[in-house]
Amino acid sequence: MPDTVLYEQSGHVATITYNRPEALNAVNGELRQDLNAAWDRFRGDNDAWVAILTGAGRAFCAGADMRDGAGSVGVFEGTFWEKPTINSFESGLELFKPTIAAVNGHCLGYGLTAALACDFLIASDRATFGFPEVRLGVPTIVGAITLPRRVQWADAMELLLTGERVDAERAREMGLVWRVVPHDELMDEAQVLAERLVSSAPLAVRATKEVATRTRTMSWVEAVRFGETMRLVAGATDDAAEGMTARAEGRPPDWQAC
């Protein structure tokens, strides 16, 4: 991968790192392209089961680059009417593998939207969070869609409408952050969680996450029917057979993601 985004894999855990520390990992056109490529790589690699997203230096991601912002939103096909569209992880790219945001510092704008797209958000005690767009005269869009689904309405509006930042403890009180840890322990904590996740059958994990994601907008009967269908699909995999065999033989399962 190009230098603006680092992609490293250890076992079944991929770590994706924003890598423009001199610009607080602000998103410009090059970083956007490289970041999208990293997520596509992760999604398409059957041997990568969990992703950790973090930043180099003292920021996670400070949002769009105000000095070099051309292309930071990504490349779109079609006319003005078709824009914007879902063209990135933070704008809603479907991804049912588990994702962990390890927020090491400033997490603003695009950075916070990406962290919200992750299943788990672990924050350094040095992290700060905010959507500064309204103070620049523009609205927050994807963040305004996702944040009220994550926290209470007034807490979401506080961040979205004031443009102010909150520290890690306040973010945890809001329910925005799952866990706050000492800065030097952040990546270790994220790795421990990732290893817990890869102990489960990867296809069963993805099926479960997809059920949890899709059924939020379904009626009860539709949700149960979809869930039972997914149970049949996942139950027909080699990993499902391996899980039962390993349990009967009293040994750890050897998952193959097939």
Side-chain angles (χ1 to χ4, degrees), residues 1-11 13-28 30-32 34-39 41-42 48 50-66 72 88-90 95 97-132 142-143 146-147 150-151 159 163-198:
M1 297 297 297
D3 290 341
T4 61
V5 174
L6 304 180
Y7 188 102
E8 302 169 287
Q9 186 165 331
S10 176
V13 180
T15 300
I16 298 171
T17 306
Y18 295 100
N19 192 40
R20 291 187 72 214
E22 73 285 354
L24 299 180
N25 298 320
V27 180
N28 63 2
E30 183 182 8
L31 191 148
R32 167 60 62 203
D34 298 342
L35 186 63
N36 287 356
W39 283 115
R41 176 178 174 180
F42 172 67
V50 176
I52 299 172
L53 178 65
T54 194
R58 62 191 181 92
F60 178 76
C61 172
D65 191 324
M66 294 293 98
S72 63
S88 66
F89 172 69
E90 60 261 43
L95 178 60
K97 297 179 180 183
T99 53
I100 303 165
V103 179
N104 55 300
H106 303 305
C107 182
L108 309 173
Y110 281 145
L112 182 47
T113 306
L116 286 169
C118 292
D119 301 304
F120 302 91
L121 201 168
I122 303 175
S124 155
D125 53 10
R126 301 180 189 175
T128 62
F129 301 85
F131 281 113
V142 176
T146 57
L147 187 59
R150 184 83 166 239
V151 304
L159 283 177
E164 297 172 356
R165 302 183 191 185
V166 297
D167 63 19
E169 281 300 331
R170 175 66 181 125
R172 186 186 61 79
E173 291 172 1
M174 289 179 171
L176 171 59
V177 168
W178 179 54
R179 186 176 296 170
V180 178
V181 301
H183 182 76
D184 293 340
E185 299 175 14
L186 176 65
M187 294 310 295
D188 287 341
E189 289 287 334
Q191 189 65 42
V192 167
L193 174 59
E195 292 300 330
R196 290 171 60 198
L197 291 166
V198 299

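Positions are given from 1 along the sequence. Being a predicted model, the structure only gives us computed values, none of them experimental.
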Asks: Shortest non-hydrogen contact from P182 to D125?
Replies: CA-OD2, 3.5 Å
Asks: Any side-chain to backbone donor/acceptor pair from R172 onto W178? Under 3.5 Å, distance only.
Replies: no
Asks: What distance separates M187 CE from T17 OG1, expressed to the nearest 0.5 Å?
Replies: 6.5 Å
Asks: Check D65 against A23 and note the closest heavy-atom contact, atom names and distance.
Replies: OD2-CB, 4.5 Å
Asks: On a heavy-atom basis, which atom in N104 and which in T54 lie closest, and how many Å separate them?
Replies: OD1-OG1, 3.5 Å
Asks: Under 3.5 Å, side chain of S124 to main-chain N/O of R126, donor-acceptor pair present?
Replies: yes
Asks: Rounded at 0.5 Å granularity, tell me how far CG in L121 sits from SG in C107.
Replies: 6.5 Å
Asks: Mind listing the closest non-hydrogen atom pair of G143 and F131 along with its distance?
Replies: CA-CZ, 3.7 Å
Asks: Is it true that atom CZ of R196 has more than 12 heavy atoms of other residues, nucleotides or ligands lying nearer than 6.0 Å?
Replies: no
Asks: Given the rule in the side chain to side chain contact (heavy atoms under 4.5 Å, CB included) test, do I100 and V50 qualify, once you have shown the distances and angles that lead to the verdict?
Replies: CA-CA 8 Å; I100 303 165; V50 176; 4.0 Å; yes
Asks: Should the pair D3-R20 be classified as a salt bridge under the 4.0 Å nitrogen-to-oxygen rule?
Replies: no
Asks: Using every non-hydrogen atom in the two residues, find where A56 and P21 come nearest and quote the distance to one decimal.
Replies: O-CB, 3.8 Å
Asks: Between E195 and V13, which heavy-atom pair has the shortest distance, and what is it?
Replies: OE2-CG2, 3.9 Å
Asks: Just by distance, with hydrogens left out, do T4 and D34 show a side-chain donor and acceptor under 3.5 Å apart?
Replies: yes
Asks: Would you check, one step at a time, whether the test side chain to side chain contact (heavy atoms under 4.5 Å, CB included) holds for Y7 with T15?
Replies: CA-CA 6 Å; Y7 188 102; T15 300; over 6 Å; no
Asks: Are L108 and C61 close enough that some pair of their side-chain heavy atoms sits under 4.5 Å apart?
Replies: no
Asks: For residues L35 and I16, determine if any side-chain heavy atom of one lies less than 4.5 Å from a side-chain heavy atom of the other.
Replies: yes
Asks: Name all residues meeting the side-chain contact (heavy atoms from CB on, under 4.5 Å) criterion together with T128; count only those two or more places apart in sequence or in a different chain, and write none if there are none.
Replies: H106, R165
Asks: State whether the side chain of N25 and the backbone N or O of G55 hold a donor-acceptor pair below 3.5 Å, judged by distance alone.
Replies: no
Asks: Between the side chain of K97 and the main-chain N/O of A51, is any donor-acceptor distance below 3.5 Å?
Replies: no
Asks: As a quick check of understanding, evaluate side chain to side chain contact (heavy atoms under 4.5 Å, CB included) for T99 and L53, giving each step before the final call.
Replies: CA-CA 7 Å; T99 53; L53 178 65; over 6 Å; no
Asks: Going through the distances and angles, do E90 and V142 end up as a side chain to side chain contact (heavy atoms under 4.5 Å, CB included)?
Replies: CA-CA 8 Å; E90 60 261 43; V142 176; 5.7 Å; no
Asks: Could you state the interatomic distance from CZ (F129) to CG (L147), rounded to the nearest 0.5 Å?
Replies: 11.5 Å
Asks: May I ask you to decide if S88's main-chain N or O and N36's side chain share a donor-acceptor pair within less than 3.5 Å?
Replies: no
Asks: Taking only Lys NZ, Arg NE, NH1 and NH2, and the carboxylate oxygens of Asp or Glu, determine whether E164 and R170 approach each other closer than 4.0 Å.
Replies: no
Asks: Are the side chains of L31 and V5 in contact, using a 4.5 Å heavy-atom criterion?
Replies: yes
Asks: If the plane angle is over 60° it's perpendicular, under 30° parallel, otherwise tilted; pick one for Y18 and F60.
Replies: perpendicular
